[in-house]
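Computed from a predicted model, the values in this text were never measured in an experiment.
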Amino acid sequence: MEPLSPESLSLEEPEAANPNTPSIRLGELASASTGLAQLVAKNPCAPSSLLAELSESKDAITRQNVAANPNTPTEVLLKLGAEFPEELLNNPVFSLLLLEKPNLAESIPRATLASLVKLETVPVSVVNQAVKKVSNQEILLALANRNRTPCSALIILAEHSYEEVKYAAQLHVKLAGKMTQSRELKTIQNILSEWDVSLDVKGMKILKYIGVFTDAFKSLPKIFRHLPSIAANPITPVSLLMQLAEDSDLEIRRDVASNPNTPVSVLMQLAKDSDSEVRSNVAANPNTPVSLLVQLTKDSNWLVRRDVASNPNTPVSLLVRLAEDSDSEVRSNVAANLNTPVSLLVQLTKDSNWLVRRDVASNPNTPVSLLVRLAKDSDLWVRRKVASNSNTPVSLLVRLAKYSDLEIRRNVAANPNTPVSVLMQLAEDSYLEVRRNVAANPNTPVSILMKLAKDRDLDIRTEIASNPNTPVSVLEQLLGDPEETILQIAVGRYLAKKPDGLPVVLQYYPKDSTPKYSSPQYSRLFILLHPQVPRNFLAEHSPSLWWWERYAVAQHPNTPPAAIKTLARDANRIVRAAARANLHRTCAETGFLNQQS
């Protein structure tokens, strides 16, 4: 478009906005300048075809005006709603669409629906349709995070197959109630600060701390459904274990038999159980006394004898007897037992079954002389285990590193005894699996780590980020990696080694790593929890879909007051409580707090 003079603009602006201006003339005006295009886009009599054309404009205001225009074609309107959800929602056409299409949520583009459901003013009918018909995780999370989402919809979301959606709904104030700054909140803060690379297990731990699952134990039938896990739980009282040992449920008795707190008297009782797996679990239990192990070595079921052979308390005298057992898996467990003496290992290296010889080769107590012999074994799996044994001497590893078998070279690459010269050789291996193990080896020198940090394979770079010997300079190199899997390790380890390095992290950190992405980014969480994180970074991420990110922002002393006030109304009980506690600490706006409670 050619820029027009101010005089021309002043003459043509009323014409561009006038509903009576002919369609052809509106097209001419829209192509004349950006300012006139903005006015044409607002004109309620602009033809649909012209509005569709203007929806592709590079000018955001023009596109925004098209989204608000009731003459815009429905398909174009719904597409623009992703960028301008409020304009779509306030467009008179949207209300008509709701009446014409009862299942409108199903036909709205995913990106637009994701933007719409984040607005508190979106109609309840759209929310209810989306909860029942939409499978996109980002949209469902947004619904679970809304203050105005109906309880009926939250109940559905609280049972969803997406774990994050389920937890977000369960933590909604309408279902979980409000929460004040308390021991629970401090506990959650401690857990969040200890996160490394996994949220799944930690997330479950958090939910247990705050009592989300307490309702599951309120009714007696549900307790009985959880009896097997209670029987296996190491904190279950001995008195209860004694009762459960006599339960008719087979799974319960099996769990009691494996529980490390089960008293000897109960183990003696269970050692006579008719079920072989119950007796097998007794045989494997570290509390089982030698006298009972002696009895179980005579059991007719090989599974029971096998577990006696693997028990760390089994004395040498019993291992000698079991080394002659007719079942190869029993002898194999003797070969793997750390209590097995060298004399018995020598005997087992001559066993006709390769599984037995394999376990001798993997036993860390096997002496060098036997490993040298087993390195020439006819079975490939035996030789592979020699390559991974921590006792294998350097001279043998040098020879094994040249084998054509991939698994042998992989095991040599992971062996802590492998010399640097061999690691350098294996770092050039054509197979990814070999280079990955070199990257993970704690003895790999920095020069090789620096080289492998540029490898195209994701797993290799992940191992480099995790290697305790990786220097700060290499971790810094990984800070700009496009893969979140690597970032979540590299960011955490870099800041642990260099606490004042946050400016460097933010300099390298991918600029497109924003809350709009539907997958949680734990590297971003480490940044949000850092004491020196900039205020603008905290404000930018305050509307995150992920409650733990909003929590990190809500409790941070650097978070701008406006963002904290918004989070003090958050639908998530933890985020809301953290924000209010932060306001109490940093703001003098107690009137706001009273107004919002």
Side-chain angles (χ1 to χ4, degrees), residues 284 302-303 305-312 314 316 319-320 322-423 425-427 429-444 459-460 463 467:
W302 68 272
L303 290 170
R305 304 196 304 276
R306 178 200 64 182
D307 285 340
V308 174
S310 64
N311 195 305
T314 299
V316 171
L319 292 174
V320 169
L322 292 169
E324 302 286 348
D325 197 278
S326 60
D327 190 274
S328 61
E329 287 208 34
V330 175
R331 303 197 304 276
S332 183
N333 278 14
V334 173
N337 196 306
L338 297 181
N339 290 336
T340 299
V342 171
S343 58
L344 204 50
L345 291 174
V346 171
Q347 172 189 326
L348 292 170
T349 57
K350 302 172 186 177
D351 198 283
S352 60
N353 190 290
W354 69 272
L355 290 171
V356 178
R357 303 196 305 277
R358 179 203 64 184
D359 283 345
V360 174
S362 63
N363 194 313
N365 292 334
T366 299
V368 171
S369 58
L370 290 186
L371 291 172
V372 171
R373 180 192 306 175
L374 292 168
K376 302 174 184 178
D377 195 276
S378 59
D379 188 89
L380 182 59
W381 278 102
V382 176
R383 302 198 299 275
R384 287 173 174 174
K385 290 300 180 182
V386 171
S388 63
N389 196 303
S390 57
N391 279 345
T392 301
V394 169
S395 58
L396 196 51
L397 290 171
V398 170
R399 185 168 45 140
L400 291 168
K402 299 176 182 177
Y403 271 51
S404 60
D405 181 67
L406 168 62
E407 191 69 26
I408 288 179
R409 298 201 310 281
R410 280 183 61 186
N411 290 350
V412 172
N415 198 307
N417 288 343
T418 300
V420 170
S421 58
V422 174
L423 290 173
Q425 167 194 331
L426 295 173
D429 199 281
S430 60
Y431 283 91
L432 296 174
E433 295 88 342
V434 177
R435 302 201 305 277
R436 286 173 191 166
N437 283 1
V438 172
N441 196 309
N443 291 334
T444 298
D459 289 339
I460 291 176
E463 293 293 353
N467 194 309

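- Note that OG1 of Thr418 and CD of Gln425 are 10.5 Å apart. Values are rounded to the nearest 0.5 Å.
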Task: CA sep, side-chain torsions, deciding dist, call: Arg331, Asp351, salt bridge (Lys or Arg N to Asp or Glu O under 4.0 Å) - done: CA-CA 9 Å; Arg331 303 197 304 276; Asp351 198 283; 2.7 Å; yes

Open item on the list: One pair to check against salt bridge (Lys or Arg N to Asp or Glu O under 4.0 Å): Arg357 and Asp379. What are the steps and the verdict?
Closed with: CA-CA 9 Å; Arg357 303 196 305 277; Asp379 188 89; 5.3 Å; no

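- Counting heavy atoms from C-beta outward, Asn437 and Asn441 have side chains that stay 4.5 Å or more apart.
- Closest approach of Ala375 to Arg383, counting heavy atoms only: O-CD, 3.1 Å.
- Closest of all the heavy-atom pairs between Ile408 and Tyr403 is CD1-CD2, 3.5 Å.
- Between Ser369 and Val372, every side-chain heavy-atom pair lies at or beyond the 4.5 Å cut-off.
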- [ ] Check the pair Asn365, Thr340 against side chain to side chain contact (heavy atoms under 4.5 Å, CB included), reporting the backbone distance first and the verdict last.
- [x] CA-CA 8 Å; Asn365 292 334; Thr340 299; over 6 Å; no

TODO: Begin with the C-alpha distance, continue with both residues' side-chain angles, and end with the deciding distance and a verdict on side chain to side chain contact (heavy atoms under 4.5 Å, CB included) for Asn443 and Val420.
DONE: CA-CA 7 Å; Asn443 291 334; Val420 170; 5.9 Å; no

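- The two residues Ala335 and Asn363 come nearest to each other via the heavy atoms O-ND2, 2.8 Å.
- The side chain to side chain contact (heavy atoms under 4.5 Å, CB included) test with Leu344 is passed by exactly one of Val316, Leu319, Val360: Leu319.
- For the pair Trp354 and Val382, the tightest heavy-atom approach, listed with the atom from each and the gap, is O-CG2, 3.8 Å.
- Side-chain contact between Arg410 and Ser388 is absent, with no heavy-atom pair separated by less than 4.5 Å.
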Task: Full working for salt bridge (Lys or Arg N to Asp or Glu O under 4.0 Å) between Arg436 and Glu433 - done: CA-CA 5 Å; Arg436 286 173 191 166; Glu433 295 88 342; 5.2 Å; no

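- Among all heavy-atom pairs drawn from Ala401 and Val422, the shortest one is CB-CG1, 3.6 Å.
- A heavy-atom distance below 4.5 Å is found between the side chains of Leu338 and Pro364.
- For the pair Lys350 and Arg373, the minimum side-chain heavy-atom distance is below 4.5 Å.
- Atoms OG and CG, from Ser332 and Asn337 in turn, are 11.5 Å apart once rounded to the nearest 0.5 Å.
- Taking a cutoff of 4.0 Å between a charged side-chain nitrogen and a carboxylate oxygen, Asp429 and Arg409 qualify as a salt bridge.
- Among Asp405, Asn411, Val412, the single residue meeting the side chain to side chain contact (heavy atoms under 4.5 Å, CB included) criterion with Leu400 is Val412.
- Across Val386 and Ala361, no two heavy atoms sit closer than the pair CG2-CB, 3.8 Å.
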TODO: Start with the C-alpha distance between Lys385 and Asn389, add both sets of side-chain angles, then the distance that settles side chain to side chain contact (heavy atoms under 4.5 Å, CB included), and finish with yes or no.
DONE: CA-CA 6 Å; Lys385 290 300 180 182; Asn389 196 303; over 6 Å; no

- [ ] Under the side chain to side chain contact (heavy atoms under 4.5 Å, CB included) rule, what do Leu432 and Asp459 come out as? Steps first, then yes or no, please.
- [x] CA-CA 9 Å; Leu432 296 174; Asp459 289 339; over 6 Å; no

